[in-house]
Undergrad: 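Below is one structure. I have some questions about it.
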Amino acid sequence: MNDSLRYRFAPSPTGFFHVGGARTALMNWALARSQGGTFVLRIEDTDEARNRPEWTDGIVSALAWLGIDADDPHFEGPLFQSHFAGEHVAAAERLFASGHAYYCEMTPDEIQERAKAEGVNGYQGWSRELGLGPGPGRAMRFRVPEGQTVVADLVRGEVTFDHAVIEDFVLVRGNGAPVFLLANVVDDVTMRISHVVRAEEHLPNTPKQQMIWEALGHEPPVWAHVPVLVNEQRKKLSKRRDKVALEMYRDEGYLAPAMVNYLMTLGWSPGEASEDGSEIIGWDAIEQAFRLEDVNLSPAFFDVKKLGAFNGEYIRAMSIDDLVDACAPFLDAALPEGWDRGRFEAMAPHIQPRLVTLADAPGLIDFLFTDDPVIDEESWDKTMTSEFSAPLLADAVASYASFAVGDWNADQLKATLEDVMHRFGLKLGKAQAPLRVAVTGRTVGPPLFEALEVLGRNETLRRLQVALDRLAA
RNA sequence: GCCCCCAUCGUCUAGGGGCCUAGGACACCACCCUUUCAAGGUGGCGACACGGGUUCGAAUCCCGUUGGGGGUACCA
């Protein structure tokens, strides 16, 4: 372990875990593990979050789902920001004592008025030289010196900010509560954080944080601001308009490794680490290959369709046993209680290449687990209105009825229907359609004869007869 | 308003002066395979925002324009 490499991930609990947060967490994790450093999970527990401990539990379990394991030696935490509250105030006092901060008793309204009257923008350090001491309602502000701050960012290079455009920002509110900006820096200092890897939206605040680091007498950390994730309108992913909760993707049957893989390809490319040019690459390889220096500068669109492609890829790579296990919860939710696991195991290889998410599984095979298939009327109309539908069905019933139980398998069923179709001068694609609708209720689905084999002789014949009766009526 | 960031196919990206008539992946289209739908295979469509420089040579470097995004609270 390299004790001097400490990467922090500092989410605020909000009741769900943001996919953007997942990505930065993953990046920090990859760095900490491959460099032999530590991933520090620090949770910004607000008052509301403290009343809802399940929110912070959610963060830990979301991280665990992603493979960021709290028991891993590289993992430290969770630590809670509120535990350091005393240190926040103490640091502010030191800043005041050393002249880096001063008290100001102007209210936001007064500031706005005066700025308007003077035709200037924002607070102009009006209380700087008043020599005010602490007092009720007085906020502590940072005395921004002349000059400029250069933020050395590992992904974006050196970014220069002119102090002239940074107002004397508030450190501690009039009620004595330190602001987030200060708390954050003090936590980072206290926890000896060496690398701050976070989303780009924090870049404009970084010069302020760097000034605080320096005023506190510390060398600032290595900064790295990675591009934000955006929606189709190129706006930052937001809880209100976008589907951003990691938990929702998990609950819809997206696989963690697929999500992890996809997230890491946003703003970064595995490059040489992927020998075949595909973007499908396992975590171990990602961990070894990931470098902040290789991260892109521009925002990336979170494309659910591409996520789905990755997910399908990962599903197809699963063993049948694993697939069955993974699908089980989704089947529990959708099928009648006590569904036959063996039956699903028999069909699993056939639905595997057809799944985008695990949640798609029940819809593909539910007809095998219900008393009667749900007939899609559109499908019925499309396939049962031909002249040959009824006679073909009748022929099929007659042919299948003569099957011995031991002959009831996909190959024989197919061969027999081929005989039938020849009698009608049809191709298999056409001839199987009425049977498919009669048995499954739909025109599309898993391979028909395999499904019939699983369904069994009696039930298949019964369903075909039901359809025949309906056609006769 | 002010500050900061960004700009290669529809999308995610490769690219760091000649290897680029710009490569891959997802999506899309066509064909093949085929038991419907998928999966798989083959092929196709498709981009360096614009304008100036620098250079023998620019997607790559510089400047500007335009366009996008983010930030700017006694929010976190």
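Bear in mind that the values here come from a model prediction, so they are computed numbers and not experimental data. Chain A is the first sequence line, chain B the second, and so forth, proteins listed ahead of strands; every chain is numbered from 1.
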Undergrad: Quick check for you: among B:C75, B:C5, B:U13, whose closest atom lies nearest to any side-chain atom of A:A300?
TA: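 Comparing B:C75, B:C5, B:U13 against the side chain of A:A300, the answer is B:U13.
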Undergrad: Which nucleotide in the list B:U13, B:C5, B:G71 gets nearest to the side chain of A:R156?
TA: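 Closest nucleotide to the A:R156 side chain: B:C5.
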Undergrad: Please report the distance separating the C1' of B:C74 from the corresponding atom of B:C4, rounded so that it comes out in whole Å.
TA: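 After rounding to an integer number of Å, I get 24 Å for this pair.
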Undergrad: Compute whether any side-chain donor of one residue and acceptor of the other, for A:N311 and A:T357, lie under 3.5 angstrom apart.
TA: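 Judged by distance alone, the side chains do not pair up.
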Undergrad: Mind checking if A:G308 touches a base, just sugar-phosphate, or nothing, with heavy atoms under 4.0 Å?
TA: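 A:G308: no heavy atom of the nucleic acid under 4.0 Å.
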Undergrad: Rounded to the nearest Å, what distance is computed from the CD atom of residue A:E44 to the C1' atom of nucleotide B:A76?
TA: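 Nearest whole value for this atom pair: 6 Å.
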Undergrad: Pick base, sugar-phosphate or nothing for A:S298, based on heavy-atom distances below 4.0 Å to the nucleic acid.
TA: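 Sugar-phosphate contact only.
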Undergrad: Measuring only the P atom in each nucleotide, how far is B:C75 from B:C61? A whole number of Å is fine.
TA: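 Here B:C75 and B:C61 have their P atoms 42 Å from each other.
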Undergrad: What is the separation between atom CE on A:M211 and atom C1' on B:C3, rounded to the nearest whole Å?
TA: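 From A:M211 CE to B:C3 C1': 13 Å.
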Undergrad: Would you tell me if any nitrogen or oxygen in the side chain of A:R442 comes within less than 4.0 Å of OP1 or OP2 on B:U36?
TA: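 For A:R442, the contact criterion (side-chain N or O under 4.0 Å from OP1 or OP2 of B:U36) is not met.
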Undergrad: When the P atoms of B:C48 and B:C56 are considered, how many whole Å apart are they?
TA: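 About 27 Å, rounded to a whole number of Å.
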Undergrad: Atom pairs, N/O to N/O, protein against nucleotides 60-69 of chain B, distance under 3.5 Å?
TA:
residue	atom	partner	partner atom	Å
B:G69	OP1	A:K235	NZ	2.4

Undergrad: Would you mind telling me which of B:U35, B:U11, B:C3 lies closest to the side-chain atoms of A:V165?
TA: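 Nucleotide nearest to A:V165's side chain: B:C3.
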Undergrad: Does A:K414 come within less than 4.0 Å of A:E450, counting only side-chain N to carboxylate O?
TA: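 No, A:K414 and A:E450 are not salt-bridged.
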Undergrad: Whole-Å distance between B:U35 C1' and A:K414 NZ?
TA: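 From A:K414 NZ to B:U35 C1': 6 Å.
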Undergrad: For the pair A:R50 and A:D47, find out whether any cationic side-chain nitrogen is under 4.0 Å from an anionic carboxylate oxygen.
TA: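 Salt bridge between A:R50 and A:D47, a charged N being under 4.0 Å from a carboxylate O: yes.
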Undergrad: Go through the N and O atoms of the side chain of A:N205 and the base of B:G71, and report whether any donor-acceptor pair is under 3.5 Å.
TA: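 In this structure, the two groups form no donor-acceptor pair.
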Undergrad: Any base atoms under 4.0 Å from A:L448, or only sugar-phosphate, or nothing? Heavy atoms, all strands.
TA: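 Base contact.
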Undergrad: Side chain of A:A309: nearest nucleotide among B:C74, B:A27, B:A76?
TA: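 Out of B:C74, B:A27, B:A76, the nucleotide with an atom closest to A:A309's side chain is B:A27.
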Undergrad: Within this structure, what is the CG-to-P distance between A:D153 and B:C5, rounded to whole angstrom?
TA: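 Going from CG in A:D153 over to P in B:C5 covers 10 Å.
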Undergrad: Which nucleotide in the list B:G71, B:U35, B:C12 gets nearest to the side chain of A:F449?
TA: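 From the listed options, B:U35 comes nearest.
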Undergrad: For atom P, what is the distance between B:A58 and B:U21, given to the nearest Å?
TA: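 It comes out at 12 Å once rounded to the nearest Å.
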Undergrad: Provide, to the nearest angstrom, the distance between the CG atom belonging to A:D162 and the C1' atom belonging to B:U72.
TA: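 Checked: the CG to C1' distance equals 15 Å.
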Undergrad: Looking only at atom C1', what distance separates B:G40 and B:G57, rounded to whole Å?
TA: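 Result for the C1' pair: 45 Å, nearest Å.
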Undergrad: Please give, in whole Å, the distance from B:U36 P to A:L426 CG?
TA: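 The answer, rounded to whole Å, is 14 Å.
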Undergrad: Please confirm whether the shortest side-chain N or O distance from A:N296 to OP1 or OP2 of B:A14 is below 4.0 Å.
TA: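 Indeed, a polar side-chain atom of A:N296 lies that close.
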Undergrad: Mind checking if A:F161 touches a base, just sugar-phosphate, or nothing, with heavy atoms under 4.0 Å?
TA: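 Since only primed, P, OP1 and OP2 atoms lie under 4.0 Å of A:F161, the category is sugar-phosphate.
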Undergrad: Does any donor atom in the side chain of A:D395 or A:S399 lie under 3.5 Å from an acceptor atom in the other side chain?
TA: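 The criterion, which ignores hydrogens and geometry beyond distance, is satisfied for A:S399 and A:D395.
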Undergrad: Can you figure out which of B:G40, B:C5, B:A76 approaches the side chain of A:E313 most closely?
TA: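 Selected nucleotide (nearest to the side chain): B:G40.
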Undergrad: Scan every strand shown for a Watson-Crick or G-U wobble partner of B:G40, both distances under 3.5 Å, and answer none if you come up empty.
TA: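 Across all strands, the one nucleotide that pairs with B:G40 is B:C32.
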Undergrad: Across all strands shown, which nucleotide pairs with B:G10 by Watson-Crick or G-U wobble geometry, both distances under 3.5 Å?
TA: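 By the stated definition (distances under 3.5 Å), B:C26 pairs with B:G10.
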Undergrad: Nearest whole Å is fine: how far is B:U72 P from A:K208 NZ?
TA: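 Distance check: A:K208 NZ to B:U72 P gives 7 Å.
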Undergrad: I need the CD1-C1' distance between A:I166 and B:A73, as an integer number of Å.
TA: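 So the two atoms are 16 Å apart, to the nearest Å.
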Undergrad: What does A:M106 touch in the nucleic acid at a heavy-atom separation under 4.0 angstrom: a base, only the sugar-phosphate, or nothing?
TA: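 Touches a base.
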Undergrad: Only pairs with both distances under 3.5 Å count, Watson-Crick or wobble alike; so what is the partner of B:C50 in this structure?
TA: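 B:G64 - that is the nucleotide pairing with B:C50, both distances being under 3.5 Å.
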Undergrad: May I ask which nucleotide in the shown strands pairs with B:C2, Watson-Crick or G-U wobble, both distances under 3.5 Å?
TA: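 By the stated definition (distances under 3.5 Å), B:G71 pairs with B:C2.
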Undergrad: Taking for each residue the nucleotide of RNA chain B with the nearest heavy atom, is it A:F180 or A:R436 whose nucleotide lies nearer the 5' end?
TA: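 On the 5' side of the pair lies A:R436.
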Undergrad: Which nucleotide in the set B:C4, B:A14, B:C74 lies at the smallest distance from any side-chain heavy atom of A:S269?
TA: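 Among B:C4, B:A14, B:C74, the one nearest the side chain of A:S269 is B:A14.
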Undergrad: With a 4.5 Å limit on heavy-atom distance, are the side chains of A:L41 and A:P11 in contact?
TA: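 In short, these two side chains touch, coming nearer than 4.5 Å.
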Undergrad: Starting the side chain at C-beta, find the nucleotide from B:G40, B:U35, B:C74 nearest to A:E450.
TA: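 The answer is B:U35, which lies nearest to the side chain.
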Undergrad: Would you call A:E118 and A:R114 a salt bridge, using N to O less than 4.0 angstrom?
TA: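 Looking at A:R114 together with A:E118, the answer is yes, because their closest N to O distance falls below 4.0 Å.
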Undergrad: Working to the nearest 0.5 Å, report the span between NE2 of A:H225 and CZ of A:R198.
TA: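 Rounded to the nearest 0.5 Å, the NE2-CZ separation comes out at 4.0 Å.
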Undergrad: At what distance, to the nearest 0.5 angstrom, does CZ of A:F290 lie from CE of A:M27?
TA: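 Those atoms lie 4.0 Å apart.
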Undergrad: Nearest-nucleotide wise, let me know which of A:I111 and A:N121 is further upstream toward the 5' end of RNA chain B.
TA: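 Of the two residues, A:N121 wins.
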Undergrad: Can you tell me the base-pairing partner of B:U21? Count Watson-Crick or G-U wobble geometry only, both distances below 3.5 Å, and say none if there is no partner.
TA: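 Checking every strand shown, B:U21 finds no partner, since no pair has both distances under 3.5 Å.
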Undergrad: Can you tell me how far P in B:A39 sits from the matching atom in B:G18, rounded to whole Å?
TA: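 It works out to 39 Å between them.
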Undergrad: Between A:K382 and A:E378, does any NZ, NE, NH1 or NH2 come within less than 4.0 Å of an OD or OE carboxylate oxygen?
TA: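 No, A:E378 and A:K382 are not salt-bridged.
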Undergrad: Determine the interatomic distance between P on B:U8 and the same-named atom on B:G68; round to the nearest Å.
TA: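 B:U8 and B:G68 have their P atoms separated by 15 Å.
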Undergrad: Answer yes or no: is there an ion pair linking A:E129 with A:R143, defined by an N-O contact shorter than 4.0 Å?
TA: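 Salt bridge: yes.
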Undergrad: Which listed nucleotide (B:A73, B:A27, B:C12) is nearest to the side chain of A:K305?
TA: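 Between B:A73, B:A27, B:C12, the one nearest the side chain of A:K305 would be B:A27.
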Undergrad: Counting the atoms with a prime plus P, OP1 and OP2 as sugar-phosphate, which does A:P446 contact under 4.0 Å by heavy atoms, base, sugar-phosphate, or nothing?
TA: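 Base, at least one base heavy atom under 4.0 Å.
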Undergrad: For the C1' atoms, the ones on B:G67 and on B:C29, what distance do you get once it is rounded to whole angstrom?
TA: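 Rounded to whole Å, the distance is 30 Å.
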Undergrad: For A:E279, answer base if it contacts any base atom (sugar-phosphate contacts may also be present), sugar-phosphate if it contacts only those atoms, and nothing otherwise; contact means non-hydrogen atoms under 4.0 Å.
TA: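 Result for A:E279 = base.
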Undergrad: If you check the A:R173 side chain, which of B:U11, B:A76, B:U35 turns out closest?
TA: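 Taking heavy atoms from C-beta onward, the closest nucleotide is B:A76.
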Undergrad: Salt bridge or not for A:K235 and A:D242, using N-O below 4.0 Å?
TA: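 Here A:K235 does not pair with A:D242 in a salt bridge, since their nearest N and O are not under 4.0 Å apart.
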